Structure formats: structure tokens, C-alpha cells
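Working notes for the structure below.
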Amino acid sequence: QVQLVESGGGLVQPGDSRKLSCAASGRSLSNYAMGWFRQAPGKEREFVALISASGGSTFYADSVKYRFTTSRDNGLNTVYLQMNGVKPEDTAVYYCAARVGSSWYLSSRNRQSWNSYEYWGQGTQVTVSS
């Protein structure tokens, strides 16, 4: 079992930056690809980003590309989502998710589908407002 705990959410002003963390326990994340999703009120959960187990590959939704960056520190068993230039439409609960393996996410359909992932955190709220 992998337990995931997100942190770093809060109220952010438009244009500012915020860094979310996803800390894992129970198992090493070194064999897990890690995804970030978000869910706004009244909307479906949507894919934000994914980082491969080694950190060598990353994928982003078009809506956050060039603004958000995901990274990981396998030594700390932690994954990060750096959010720059945030917009009001980035307001959502942000979740991290994990799935073991190294090739399943090469399909965009797989990595963007929430039910492709094995483990989920409880989420952290990010509100972008002035």
C-alpha cells in the first residue's frame, strides 16, 4: 500500500506561484509514475501532469503547459508541482496519484484517465483570487 499526502495549497493571488508537495509512505515511490489531477467545483477531475518514475519524462495538460512543472525527489519519497503564473481557473482541489510501471503512461488516454492510477491522496485546495 502507498499512502499519499498532499500539502501546500491555500489562497494564491493571480500571477503568483505556489508549490505543492505529495509525500508518500508505505513504499518507495521509485518505481511509480506520479500524476497530478485537479477538480473544480461542479467539474470532473482532470489531468494536470505526470512524471515518470525516474523523473526523466514529464507530461502536461495544455492548460498548464509552460506554467506548471512537476518534479520528484525519490530520496525523500516526494513529488512536487510548481505552479507559476496561476489564474483563477486554476482554482481546484489538487490530487496526486501513483501507479507502478514505466510504459503505461505513454498513452495519453491512460495517463489522463483518473482510473488508471492505483493510489490517491486526499487532495489540497488551491484557490486563486485577489
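If you read the sequence from its start, that first residue is 1, and numbering goes on from there. This is a predicted model, so every value here is computed, not measured.
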For A53, does its backbone N or O pair with a side-chain atom of N74 as donor and acceptor, under 3.5 Å?
yes
Should we say atom CD of Q1 is surrounded by more than 12 heavy atoms from elsewhere, each under 6.0 Å from it?
no
Is the closest basic N to carboxylate O distance between D90 and K87 below 4.0 Å?
no
How many angstroms lie between atom OG of S21 and atom CG of L4, to the nearest 0.5 angstrom?
12.5 Å
Closest heavy-atom pair, R18 versus L11, reported as atoms and distance to 0.1 Å, is NH1-O, 3.8 Å
Side-chain donor or acceptor of T91 paired with backbone N/O of T127 under 3.5 Å:
no
Side chains of L20 and E6, heavy atoms from C-beta outward: is any pair under 4.5 Å?
no
Pick one: which of T78, L81, I51 meets side chain to side chain contact (heavy atoms under 4.5 Å, CB included) with M34?
I51
Working to the nearest 0.5 angstrom, can you tell me the gap between F68 CZ and S17 OG?
9.5 Å
Which distance, rounded to the nearest 0.5 Å, do you find between the CD of Q122 and the CD of Q3?
11.5 Å
If I compare all heavy atoms of L29 with all of R72, which pair ends up nearest, and what's the gap?
O-NH2, 2.7 Å
Tell me whether Y119 is reachable from Y94 by hopping between hydrophobic residues (I, L, V, M, F, W, Y) whose side-chain heavy atoms are closer than 4.5 Å.
yes
Aromatic centroids of F47 and W114 separated by under 6.0 Å:
no
Check G121 against Y95 and note the closest heavy-atom contact, atom names and distance.
O-CD2, 3.6 Å
Student check: side-chain heavy atoms of S7 and T124 closer than 4.5 Å:
no
Between Y80 and W36, does the ring centre distance come in under 6.0 Å?
no
Residue pair P14 / V128, side-chain heavy-atom distance below 4.5 Å
yes
At their closest point, which heavy atom of Y105 faces which heavy atom of R111, and how far apart are they?
O-NH1, 2.8 Å
Is the side chain of R99 donor-acceptor paired with the backbone N or O of G35 at a distance under 3.5 Å, no angle test?
no
Validation row: L50, Y117 side chains within 4.5 angstrom (heavy atoms)
yes
Taking the side chain as everything from C-beta on, heavy atoms only, tell me whether S71 gets closer than 4.5 Å to Q82.
no
Closest approach of G123 and V93, non-hydrogen atoms and distance?
CA-CG1, 3.8 Å
Can any side-chain N or O of N110 pair as donor or acceptor with the backbone N or O of W104 at less than 3.5 Å?
yes
What is the distance from atom CG of N77 to atom OG of S30, rounded to the nearest 0.5 Å?
7.5 Å
Under a 3.5 Å distance rule, please check whether S52 uses its side chain to pair with a backbone N or O of S57 as donor and acceptor.
yes
Answer whether the closest heavy-atom distance between the side chains of E46 and R38 falls below 4.5 Å.
yes
Quick check: do Y32 and V2 have side-chain heavy atoms less than 4.5 Å from each other?
yes
Minimal heavy-atom distance between T70 and Y60, with the atoms involved, is N-OH, 2.9 Å
Return the OG1 to CG distance between T69 and N84, rounded to the nearest 0.5 Å.
6.5 Å
When rounded to the nearest 0.5 Å, the distance separating CD of E89 from NZ of K43 is 8.5 Å
